[in-house]
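Below: one structure, written as structure tokens.
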Amino acid sequence: VDHRSACMAAALRDLGVAVGDRVVVQIDKSTDNVALYLACLRIGAVFLPLNTAYTPGEVAYFVDDATPTIVVARPGTLDGLAVTIVHLGTDGDGSFAEASDRADPFDEVTERGADDLAAMLYTSGTTGRSKGAMLTHANLQSNAMALHDIWRFGPDDVLLHTLPIFHVHGLFVALHCAMLGGNEVIFLPKFDVADVVDNLVDATVLMAVPTQYTRLLGDARFDAATCASVRLFTSGSAPMTEAVHADFTQRTGLQILERYGMTEAGMITSNPYDGERVPGTVGFPLPDVDLRVSDDTGAPVPTGETGVVEIRSPGLFAGYWQMPEKTASEHRDGGWFITGDVGSVDVEGRLTLEGRSSDMIISGGYNVYPKEIEMVLDEVPGVLETAVIGVPHPDFGEAVVALVVRDGAVEVSNTALAASLDGVLARFKHPKSYIAVDELPRNAMSKVQK
Ligand code: MLC
Ligand code: AMP
């Protein structure tokens, strides 16, 4: 990996990528993808990974906003974009991978300060406009070291890696823990239940989202014997129900360690490694995280009462890319970041999450912003208005569903509604069903009561 990243670092420099430049990456998961991430860090560039499900139109927004020097893409996917595009490719096909093979390895590591940017990850907003969360070297380092410590990573750990590496969970939480100790990683290209069960017998750690645990529990082969060598199962990115926690324990005799985090902050809380893990809670703040639950004015609420979770931590991002006002409005005096998550802290200091203050659906660990979908559906002829909501779903935790009010002027079919989103928004955001309603429920202020 070290050598491969040095070769890729040289190839990036040959393409004109300089210190501080953004490198947008939308490619399938592979070890070369990891080497490319490290190559960016090696030359002081800013790694900007994107979900492979995003459509070219969605990617165009990120490229326009982040103004990267190059985009590394899958062949034939982003050809229309006005930016230098290279393909990772494989050896011998004239691609970036081949250029890396030919390059004289750049073995150095460009020195960067703690506050310099290492990565930028886009996260959506309720207005539908995505914001680039700027993450510094200090952010990534502090979080990695804290997790490595509290989750007791040791030299013999083997991480079974099944998550995508375009989000915080797979890229930083999982990989950094393993990288800090030079641990072995069983690196699966995607989450496939049979593959995971086959590989668990050689692993000591698995990090996953709740949907993946639900799917594992759906396979009769997943039992105490397949988990015999695993010392730590963690879950996060979405709420895990107490029922799944209980099923898991009944099947394996083990307990999942649930933790909570977000792109802007890395990991925030974790259930304890040794102490009691309480299903339905996300545990205690990490050692260097200050956490409080506040009312709308930022005044802390009494213990046990519900409010918005606010934090201060060395893992906290440097702000939203070129959005100083948005950055400021999500912070309070004293450096507190308003997470938007709603919850309460009990007398012991454990955090329980109860929802979000903003309109967001978490489907299978991916965040979906209703506004973005409603804006497209509202334009379909025959549609008066729509409301997109999340409903409980056995596999994804929450599923995206659209409620549609017709204007009666033109017939509008569910097929036409679905077609309006094709190629516009990533498929995981598409409603799993459309429900016709006569009107949307509203409160006295005319706000839709979702
Ligand atoms: C895939 N599909 C989804 C979906 N994932 N639909 C809704 N929600 C999802 N999450 C749809 C696809 O659009 C496609 O539909 C069909 O399912 C098959 O696609 P696939 O790519 O083969 O899916 P699969 O491999 O089964 O993916 C399921 C999954 C994946 C659970 C493995 O969603 C996943 O990797 N989730 C993890 C997300 C993650 O890493 N989040 C971390 C965020 S960081 P169609 O209609 O096209 O057939 C964060 C901070 C923190 O939150 O605390 O960690
Ligand atoms: P993202 O913006 O993709 O990083 O998603 C972060 C959001 O995921 C958080 O703000 C929470 O709403 C949610 N989240 C992460 N971990 C958990 C968890 N264990 N339980 C409930 N929600 C979670």
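All ligand and atom numbering here is 1-based and tracks the order in the structure.
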Mind checking whether [X] has an N or O less than 3.5 Å away from an N or O of ligand 1?
X	value
Ser237	yes
Tyr260	no
Arg427	yes
Gly236	no

- State whether any protein heavy atom lies less than 4.0 Å from atom 41 (N) of ligand 1. yes
- Heavy-atom protein contact below 4.0 Å for atom 4 (C) of ligand 1: yes
Minimum-distance protein heavy atom relative to [atom]:
atom	value
atom 20 (P) of ligand 1	Lys190 NZ, 4.3 Å
atom 34 (C) of ligand 1	Tyr366 OH, 3.9 Å
atom 31 (C) of ligand 1	Thr211 CG2, 3.7 Å
atom 17 (O) of ligand 1	Phe396 CZ, 4.2 Å
atom 11 (C) of ligand 2	Asp341 OD1, 3.3 Å
atom 10 (N) of ligand 1	Ser363 O, 2.8 Å
atom 3 (O) of ligand 2	Asn367 ND2, 3.0 Å

Going by the closest heavy atom to [atom], which one wins out of [options]?
atom	options	value
atom 53 (O) of ligand 1	His169, Met262, Arg259	Arg259
atom 37 (C) of ligand 1	Ala265, Gly364, Gly365	Gly364
atom 17 (C) of ligand 2	Gly283, Ala238, Ala133	Ala238

- Message: Can you tell me how the ring of Tyr213 sits relative to the ring of Phe248, calling it parallel under 30°, perpendicular over 60° and tilted otherwise?
- Response: perpendicular
- Message: Against ligand 2, does Val282 come closer than 4.0 Å with any heavy atom?
- Response: yes
- Task: Determine whether any heavy atom of Met240 lies closer than 4.0 Å to an atom of ligand 2.
- Result: no
- Quick one: CZ on Arg332 to CD on Glu310, what's the gap to the nearest 0.5 Å? 4.5 Å
- Message: List ligand 1 atoms under 4.0 Å from Leu163, heavy atoms only on the residue side.
- Response: 40 (O)
- Query: By number and element, which atoms of ligand 1 are closer than 4.0 Å to a non-hydrogen atom of Arg215?
  - Reply: 24 (P), 26 (O), 28 (C)
- Contact atoms of ligand 2, heavy-atom distance to Arg356 under 4.0 Å: 10 (O), 12 (O)
- Task: Show which atoms of ligand 2 fall inside a sub-4.0 Å distance from at least one heavy-atom site of Ser237.
- Result: 8 (O), 13 (C), 14 (N), 15 (C), 16 (N), 17 (C), 23 (C)
With a cutoff of 4.0 Å, is [X] in contact with ligand 1, counting heavy atoms of the residue only?
X	answer
His430	no
Lys432	yes
Pro164	yes

- Got more than 12 heavy atoms from elsewhere within 6.0 Å of CG, Asp422? yes
